[in-house]
There are 2 protein chains.
Amino acid sequence: MKDTTQILRAKGLKVTPQRIAIYTMLSHTDEHPNAETIYRSLEPTNPTLSLATVYKTLDFFKASGLIQELNVGEASSRYDAIVTRHPHAVCTCCGKVVDLPADAFEELRHRACELTDFSLESEQLIFYGKCSKCKNQTQ
Amino acid sequence: MKDTTQILRAKGLKVTPQRIAIYTMLSHTDEHPNAETIYRSLEPTNPTLSLATVYKTLDFFKASGLIQELNVGEASSRYDAIVTRHPHAVCTCCGKVVDLPADAFEELRHRACELTDFSLESEQLIFYGKCSKCKNQTQ
DNA sequence: CCTTAAATAATAATTATTGTTATTTAATAA
DNA sequence: TTATTAAATAACAATAATTATTATTTAAGG
């Protein structure tokens, strides 16, 4: 895995401890955390970090294409350091969000293009259901 | 088109002028309005209507399966009286949201089922791009 | 009509997010 | 290495969408 400092610098972003902490954290989890969760997980080791900085930093990262924002219908946005377009599955029971392989839906985009007169740029594909754990617990 | 009163009654919902107004409005538009927009469009003819009632009514309708909530990444939710699962295209320029035919993505669901151990219940497929009007204006 | 449970209006409260500003700091040049 | 400066941060205020509260009103059934 490439060094966070290099990655930030490559995007022309000023390298700060806060940015390093946030990007490193995001790129090491598959939990798709929201701003609050990121903040709480970094607070212990970065006692002066403020939530507003987390929000602003995430905005910067998104604008630079370093991360993507995820809107799965919850009150707050989630974030993903994997920026290749890929679908997500959301557990309606425990809220877990998992990645689905991107290549599985390649031709879907072409289909969508045929169906509208839009010039499509991106998509958000979210599937809702019960994860294996919740599925078994309720039954 | 079936009478709104019948539709509400069939779902076991108490029939009130507010509910009639909101459902009738929603089922006659393809604009996918949010709560605020619904409220403002009904205010002139329903002067005592309150925004909180719009929100609560939309919740009731959603819970009864009369409408669906749409989350296209904006701050506020949009609503759609068409409850058959279908994808949407969102213009990143003017914010317009249009429906895509549902049947075009039938096998997509099967694909998604194969890819996870989730038991899938629904999905939200949103495509982002520029609508034909915006596409031509900027270029 | 009467009764009653449920819906509404008005408004307060909450929550996620964004704006403001004084202070600090990373990057660059001297 | 140090000085300069534009940008980032922390702290906190403000905003906007949504939800909660409560007194009042009303639809539905008897």
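Below, each value reflects all heavy atoms present in this structure, side chains not excepted, and no hydrogens, waters or symmetry copies. Reminder, nothing fancy here: chain letters follow the sequence lines and each chain counts from 1.
Rounded to a whole Å, the CG atom of A:L58 is 14 Å from the P atom of D:dA8. Distance B:Y55 OH to C:dA10 C1': 16 Å, rounded to the nearest Å. Taking atom CD1 of residue B:I38 and atom P of nucleotide D:dT18, one finds them 11 Å apart after rounding to whole Å. As a whole-Å value, the separation of A:Y39 OH from D:dC12 C1' is 12 Å. Rounded to a whole Å, the CG atom of B:L8 is 10 Å from the P atom of C:dT8. At whole-Å resolution of the value, CG in A:N46 and P in D:dT9 are 11 Å apart. Look at CD on A:E74: it is 11 Å from P on C:dA16, rounded to the nearest Å. C:dT25 atom P lies 14 Å from atom CG of A:L49, rounded to whole Å.
Within the 4.5 Å cutoff, the side chain of B:S41 has no heavy atoms near those of the B:P33 side chain. Proximity of B:L51 to B:Y55: side-chain heavy atoms (C-beta onward) are separated by under 4.5 Å at one or more points. Contact of the A:H32 side chain with the A:D99 side chain is registered, since non-hydrogen atoms from C-beta on lie closer than 4.5 Å.
Judged by distance alone, the side chain of A:S27 and the main-chain N or O of A:T24 form a donor-acceptor pair under 3.5 Å. Using modelled atom types, no side-chain atom of A:T29 and backbone atom of A:L26 make a donor-acceptor pair closer than 3.5 Å. Side chain of B:R19 to main chain of B:F61: no donor-acceptor pair is present (N/O by atom type, distance under 3.5 Å, no hydrogens or angles).
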Which pairs, protein N/O on one side and nucleotides 25-30 of chain D N/O on the other, fall under 3.5 Å?
residue: D:dA27; atom: O3'; partner: B:V15; partner atom: O; Å: 3.1
residue: D:dA28; atom: OP1; partner: B:V15; partner atom: N; Å: 3.0

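In this model, the phosphate group of D:dT18 is approached by a side-chain N or O of B:S77 to a distance below 4.0 Å at OP1 or OP2. For the pair A:S76 and C:dA16, the criterion of a side-chain N or O lying under 4.0 Å from OP1 or OP2 is not met. Taking only side-chain nitrogens and oxygens, A:S50 never comes nearer than 4.0 Å to OP1 or OP2 of D:dC12.
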task = Using the side chain to side chain contact (heavy atoms under 4.5 Å, CB included) rule, take B:E123 and A:L125 through it: C-alpha gap first, then chi angles, then the decisive distance, then the call.
result = CA-CA 7 Å; B:E123 71 271 330; A:L125 309 178; over 6 Å; no

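When distances are taken from the side chain of A:L51 to each of D:dT21, D:dA10, C:dT17, the shortest belongs to C:dT17. Comparing C:dT18, C:dT11, D:dA11 by their nearest atom to the side chain of B:A52 picks out C:dT11. Checking C:dA9, C:dT11, C:dG19 against the side-chain heavy atoms of B:T53 singles out C:dA9 as nearest.
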Identify all side-chain donor-acceptor contacts of residues 62-72 of chain A below 3.5 Å with residues at least two apart in sequence or on another chain.
residue: A:K62; atom: NZ; partner: A:E69; partner atom: OE1; Å: 2.5
residue: A:S64; atom: OG; partner: A:F60; partner atom: O; Å: 2.8
residue: A:E69; atom: OE2; partner: A:S77; partner atom: OG; Å: 2.5

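Note on the helix from C:dC1-D:dG30 to C:dA30-D:dT1: angle between the axes of the first and last five pairs equals 40°, rounded to 10 degrees.
Under the 4.5 Å side-chain contact rule for hydrophobic residues, B:L13 and B:L58 share a cluster.
Between A:R19 and B:A75, it is A:R19 whose nearest contact on DNA chain D lies nearer the 5' terminus.
The shortest non-hydrogen separation linking B:A102 to B:H86 is CB-CB, 3.8 Å.
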